[in-house]
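Take a look at the structure below.
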Amino acid sequence: MTSTPSTPSTFGARLRAAVDARGPLCVGIDPHAGLLAGWGLPDDAEGLRRFALTVVEAVAPHASVVKPQSAFYERFGSRGVAVLEEVVAASKAAGALVVMDAKRGDIGSTSAAYAAAYLDPASPLGSDAVTVSPFLGFGSLDPFVEAAERHGGGLFVLALTSNPEGPEVQHARLEDGSTVAGRVLDHLRRLNAGAEPLGSFGAVVGATIGATEEDLAFNGPVLAPGYGAQGGTTADVRRIFGAAAANVLPSSSREVLRRGPDAAAMRDAVRAANDELAALR
Ligand SMILES: O=c1ccn([C@@H]2O[C@H](COP(=O)(O)O)[C@@H](O)[C@H]2O)c(=O)[nH]1
């Protein structure tokens with residue numbers, strides 16, 4: 001009997017199906033020291049583990065996407081990274097897609113190693129998608145693009161970030177008059193051309209940015225952090241993205257996590273946000 005290797009579905013296709021089933025809210029799993037304290041947990045690897053797995057159990061069966069922020073795990077060294085591995089596995093088992101928020105980017109040969117770490121399903125940190133930085137030149141991300149295509153994964157490339165310092169770099173003008181962010185979006189438009197139902201190469205555009213001249217329709221998903229604790233609202237998502245809002249994943253960490261350790265309260269916060277965001281689709 002011959003076996004046919006199954007072609008992995010694309011990240012864009014999996015994401016579209018997940019959002020249709022569960023709603024667009026992406027829940028950030030960011031174990032801040034202050035949140036551990038607020039939950040009555042010690043600021044150590046065991047406190048981190050109890051916090052992170054409690055969040056996964058509460059939200060991963062309900063949210064389309066979870067986004068662990070790697071920094072909060074790395075600060076505990078190898079024991080923290082082991083917890084991050086557990087978060088990835090448990091979230092996937094509960095049916096959520098995992099976006100690893102690691103914001104990686106380096107010269108191409110090093111990017112290849114980062115891509116293997118975060119996008120190869122055989123890696124203990126293998127996720128559905130990873131956040132990457134294009135500020136070493138978009139071409140430095142080629143190894144990530146190749147790994148995403150090989151493994152059916154996705155990328156979220158920083159374009160217009162939610163922090164107030166971002167415009168200094170992202171609004172800067174290039175020789176042809178386009179902005180740095182606009183050039184990033186152009187690259188994504190090229191990578192996603194013709195993809196159905198949605199491309200796998202996304203952008204990070206904060207839910208907090210002011211008016212923008214950029215064309216935010218590029219046939220790919222948008223991760224929109226800043227929703228919730230940083231002040232971004234559903235009305236902001238509508239204002240910023242307009243017709244492209246249907247492909248936006250508003251991302252909220254602290255606004256959900258501060259409701260814990262009460263699992264029902266975290267789950268209800270996810271449901272309430274998704275109910276409100278449904279009007280955008
Ligand atoms: O432009 C960006 C890119 C990423 N982030 C990350 O999202 C969360 C935001 O957490 P909140 O508690 O909801 O504010 C965090 O992990 C950031 O590193 C971002 O905020 N802005």
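Values below: all heavy atoms of this structure, side chains included; hydrogens, waters and symmetry mates excluded. Being a predicted model, the structure only gives us computed values, none of them experimental. Throughout, numbering of the chain's residues begins at 1 and tracks the sequence. Just so you know, ligand 1 is whichever comes first in the structure, and atom 1 is the first atom listed for that ligand.
Under the 4.0 Å criterion applied to side-chain N and carboxylate O atoms, Arg183 and Asp176 are assigned as salt-bridge partners.
The OG atom of Ser251 sits 9.0 Å away from atom CD of Gln230, with the distance rounded to the nearest 0.5 Å.
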Could you pull out the N/O contacts under 3.5 angstrom between ligand 1 and the surrounding protein atoms?
residue: ligand 1; atom: 1 (O); partner: Ser162; partner atom: N; Å: 2.8
residue: ligand 1; atom: 7 (O); partner: Lys67; partner atom: NZ; Å: 3.2
residue: ligand 1; atom: 10 (O); partner: Ser253; partner atom: OG; Å: 3.2
residue: ligand 1; atom: 12 (O); partner: Arg254; partner atom: N; Å: 2.9
residue: ligand 1; atom: 12 (O); partner: Arg254; partner atom: NE; Å: 2.6
residue: ligand 1; atom: 13 (O); partner: Ser253; partner atom: N; Å: 2.9
residue: ligand 1; atom: 14 (O); partner: Gln230; partner atom: NE2; Å: 2.8
residue: ligand 1; atom: 14 (O); partner: Arg254; partner atom: NH2; Å: 2.7
residue: ligand 1; atom: 16 (O); partner: Asp30; partner atom: OD2; Å: 2.6
residue: ligand 1; atom: 16 (O); partner: Lys67; partner atom: NZ; Å: 3.4
residue: ligand 1; atom: 16 (O); partner: Gln69; partner atom: NE2; Å: 3.1
residue: ligand 1; atom: 18 (O); partner: Gln69; partner atom: NE2; Å: 3.0
residue: ligand 1; atom: 18 (O); partner: Lys103; partner atom: NZ; Å: 3.4
residue: ligand 1; atom: 20 (O); partner: Ser162; partner atom: OG; Å: 3.4
residue: ligand 1; atom: 20 (O); partner: Gln230; partner atom: NE2; Å: 2.8
residue: ligand 1; atom: 21 (N); partner: Ser162; partner atom: OG; Å: 2.7

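Considering Arg173, Glu213, Glu214 in turn, Glu214 is the only one that fulfils the side chain to side chain donor-acceptor pair (under 3.5 Å) rule with Thr179.
The aromatic rings of Tyr114 and Phe144 sit parallel to each other, their planes meeting at less than 30°, with 60° as the upper class boundary. Between Phe11 and Phe156, the two ring planes are perpendicular [angle over 60°; tilted spans 30° to 60°].
Side-chain atoms of Leu125 and Val81, non-hydrogen and from C-beta on, do get closer than 4.5 Å to each other.
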